[in-house]
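First comes the structure, then the notes that go with it.
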Protein chains: 2
Amino acid sequence: MGKCEQCIIKQFNSLKALTSDELVRISKCKTSKTIKKGEILFEEGENINGVYCVKDGICKLSKLSENGKDQIVKMVVKGQLIGQRSLVTDESSNLQATALNDMEVCFIPKSEIIADLQKNANFSFEILKEMAHDLKEADDVIVNMAQKSVRQRLAETLVYIHDSFGTNPDGTLSVILSREDFANIVGTATESAIRVLSQFKKDGLISTTGKYIKIENLNGLKFVE
Amino acid sequence: MGKCEQCIIKQFNSLKALTSDELVRISKCKTSKTIKKGEILFEEGENINGVYCVKDGICKLSKLSENGKDQIVKMVVKGQLIGQRSLVTDESSNLQATALNDMEVCFIPKSEIIADLQKNANFSFEILKEMAHDLKEADDVIVNMAQKSVRQRLAETLVYIHDSFGTNPDGTLSVILSREDFANIVGTATESAIRVLSQFKKDGLISTTGKYIKIENLNGLKFVE
DNA sequence: ATTTTAATATGATATATGTCATGTTTTGCT
DNA sequence: AGCAAAACATGACATATATCATATTAAAAT
């Protein structure tokens, strides 16, 4: 099992603000976990009581709606933390985390890290910054959901995935999602997501090979009406 | 001008975690402001560089969409803080704040309070808690926007206003909104909001006298299909 | 008090999206 | 490799919501 103080992943999240001493201590109590594609890291309503540091892979954070659909609220990739909220409340999780591909994560129990939040102002400031950023992103999602068409939202989702999570050497999006996942990000019926993607294909905005999607006209997607 | 150390409003927000010394210092540099109904506290893109403590009144936080509509993302009432995000980033505001009725606010400059965020762990923990709460609420809004009908969202908005902001002695909702505001909360056309409210009236779920709305059947609204 | 302006209301119609049905392709399994 | 189960695709139709037009009422201005 790797040591936190030597782990480069922490450079991408708030844990970089911890001192070497703090890292050594955390390293001793952290647990590593492998989650296979499709498996659930934690469920809605579960008490997670700690943070997960994503060493590899991607997962979706979703919330079950009353109509039975599983709305995807956020996607988390390598380098990011999950569960910061659990550090400051005793409430159970409002979201479910599901692996979109094979993942490697480290779990740091709340009991071990909560003291650092009190002692290390740099650390809590970093967490604060991350939350502020998430909050701004959430505001943007709300506006998009409220004011844009399914077509526009889906186009933006493709652009977002392209810009945030990158592409494979052949230019296909590195994050592979089912049409149902796309529908659950955009907040539409699976059939509608399928139809819109087909239309994008006909319009030459994207091309597909199986589940692989390649953006052929990034600028076109950005200006979809 | 009142003194922060004696102000009871702070009990309702993170400022309660400041020490008396810190409050005395902040009291000296804070400025009080009166904002009339309809006036703008700050605009999208403005550098606010501080937090507003709402002593009285209510305001809406909104974001302009590309289609020209002004999506309301959150409402803030007496007791709450606005602009916590500005404490942790140098970015300009992503939202506009507009008074829904006459307001009294105190402005505390970032330069004065930023040091307390470093020194007083209780204070930064409180801010962290508030942000975590806002984040959870934002997640819920996203799911509602994505998965519920205009009718359901409008019903929930009425219940939310009732439960969170209360009623006047005669039972009418204490927050007065135009139909356009309702439309901009729910993310729909003004005409649609008007139609749905008219239908609620016909169904006996609400009654109206001018702009005053009274909820006649709270439980009915909660289970609108 | 009267005029002007803004807000509310409602009808008619267009359009986007949801739903249900059915067929095809891909994926996973033994 | 062959079969079963998902995932994807597409048509037909239903429905919610947007848009445009036009009254009506309430609020603001002179």
Side-chain angles (χ1 to χ4, degrees), chain A residues 36-39 60 65-71 98 100-102 144-158 172-173 175-203 206-213 224-225, chain B residues 36-39 65-71 98 100-101 144-158 172 176-203 206-213 224-225:
Chain A
K36 293 240 174 73
K37 177 180 170 175
E39 284 183 359
K60 60 180 178 185
S65 165
E66 286 162 29
N67 62 5
K69 296 227 175 164
D70 201 40
Q71 179 66 36
T98 313
L100 287 170
N101 50 33
D102 292 355
N144 285 341
M145 284 290 176
Q147 303 289 350
K148 294 190 176 167
S149 66
V150 167
R151 198 176 152 74
Q152 286 175 309
R153 279 179 271 156
L154 197 38
E156 286 192 15
T157 300
L158 290 168
T172 57
L173 297 179
V175 176
I176 309 292
L177 296 171
S178 67
R179 306 296 145 114
E180 192 182 1
D181 282 330
F182 277 112
N184 290 341
I185 291 172
V186 162
T188 190
T190 306
E191 294 95 322
S192 297
I194 289 172
R195 260 182 255 269
V196 173
L197 285 175
S198 298
Q199 190 59 48
F200 284 170
K201 231 161 94 176
K202 279 183 195 149
D203 298 345
I206 62 171
S207 63
T208 62
T209 324
K211 289 205 172 221
Y212 291 91
I213 294 178
V224 153
E225 289 281 312
Chain B
K36 293 241 173 70
K37 177 180 170 176
E39 285 181 0
S65 165
E66 286 163 31
N67 62 5
K69 296 225 173 164
D70 200 40
Q71 179 65 35
T98 314
L100 288 171
N101 50 32
N144 285 341
M145 284 291 176
Q147 303 290 349
K148 294 190 177 168
S149 66
V150 167
R151 199 176 152 72
Q152 287 176 308
R153 279 180 270 155
L154 196 38
E156 285 192 15
T157 300
L158 290 168
T172 57
I176 309 293
L177 297 171
S178 67
R179 306 296 144 113
E180 192 181 0
D181 282 330
F182 277 112
N184 290 342
I185 292 172
V186 161
T188 190
T190 307
E191 295 96 320
S192 297
I194 290 172
R195 262 181 253 269
V196 172
L197 285 175
S198 298
Q199 191 59 48
F200 284 170
K201 231 159 96 176
K202 280 184 195 148
D203 298 345
I206 62 171
S207 63
T208 63
T209 323
K211 287 205 174 221
Y212 292 91
I213 294 178
V224 152
E225 289 281 314

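The chains referred to below are lettered A, B, ... by the order of the sequence lines, with proteins before strands, and numbering in each begins at 1.
- Judged as a side chain to side chain contact (heavy atoms under 4.5 Å, CB included), and not counting sequence neighbours, the contacts of A:T172 are A:N168, A:D170, A:Y212, A:K214.
- A:K37 pairs by the side chain to side chain contact (heavy atoms under 4.5 Å, CB included) definition with A:D102, not counting sequence neighbours.
- Legend: residues meeting side-chain hydrogen bond (donor to acceptor under 3.5 Å, both in side chains) with B:K211, ordered by chain and number and at least two apart, are absent.
- Each of A:L197, A:T188, A:I185 was evaluated against A:L154; a single residue qualifies, A:L197, per the side-chain contact (heavy atoms from CB on, under 4.5 Å) test.
- By the side chain to side chain contact (heavy atoms under 4.5 Å, CB included) test, B:E191 is found to be paired with B:A189, B:R195, residues two or more places apart in sequence or in another chain being considered.
- Residues passing the salt bridge (Lys or Arg N to Asp or Glu O under 4.0 Å) test with A:D181, sequence neighbours excluded: A:K60.
- Taking atom CD1 of residue B:I176 and atom C1' of nucleotide C:dA7, one finds them 15 Å apart after rounding to whole Å.
- One atom, CZ of B:R179, and another, P of C:dA7, lie 12 Å apart when rounded to the nearest Å.
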> If the sugar-phosphate is the primed atoms plus P, OP1 and OP2 and the base is the rest, what is the B/S/- string for nucleotides 16-30 of chain C, using protein heavy atoms under 4.0 Å?
Replying inline: -SSBB----------

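- Scanning both residues, A:G187 and A:Q71, for their nearest heavy atoms gives CA-OE1, 3.6 Å.
- Within the structure, the salt bridge (charged side-chain N to carboxylate O under 4.0 Å, His left out) test picks out the following pairs touching residues 146-158 of chain A (sequence neighbours left out): A:K148-A:E156, A:K148-B:E66, A:R151-A:D203.
- Residues satisfying the side chain to side chain contact (heavy atoms under 4.5 Å, CB included) criterion with A:I194, sequence neighbours excluded, are A:R179, A:T190, A:S198.
- Here chain A contacts DNA chain D (any atom closer than 4.0 Å to a heavy atom, that is under 4.0 Å), and the contacts span D:dA7 to D:dA12 from 5' to 3'.
- A:Q152 places no side-chain N or O within donor-acceptor distance of the main-chain N or O of A:E225, the cut-off being under 3.5 Å.
- Over its full length, the helix from C:dA1-D:dT30 to C:dT30-D:dA1 turns its helical axis through 60°, comparing axes from the five pairs at each end and rounding to 10°.
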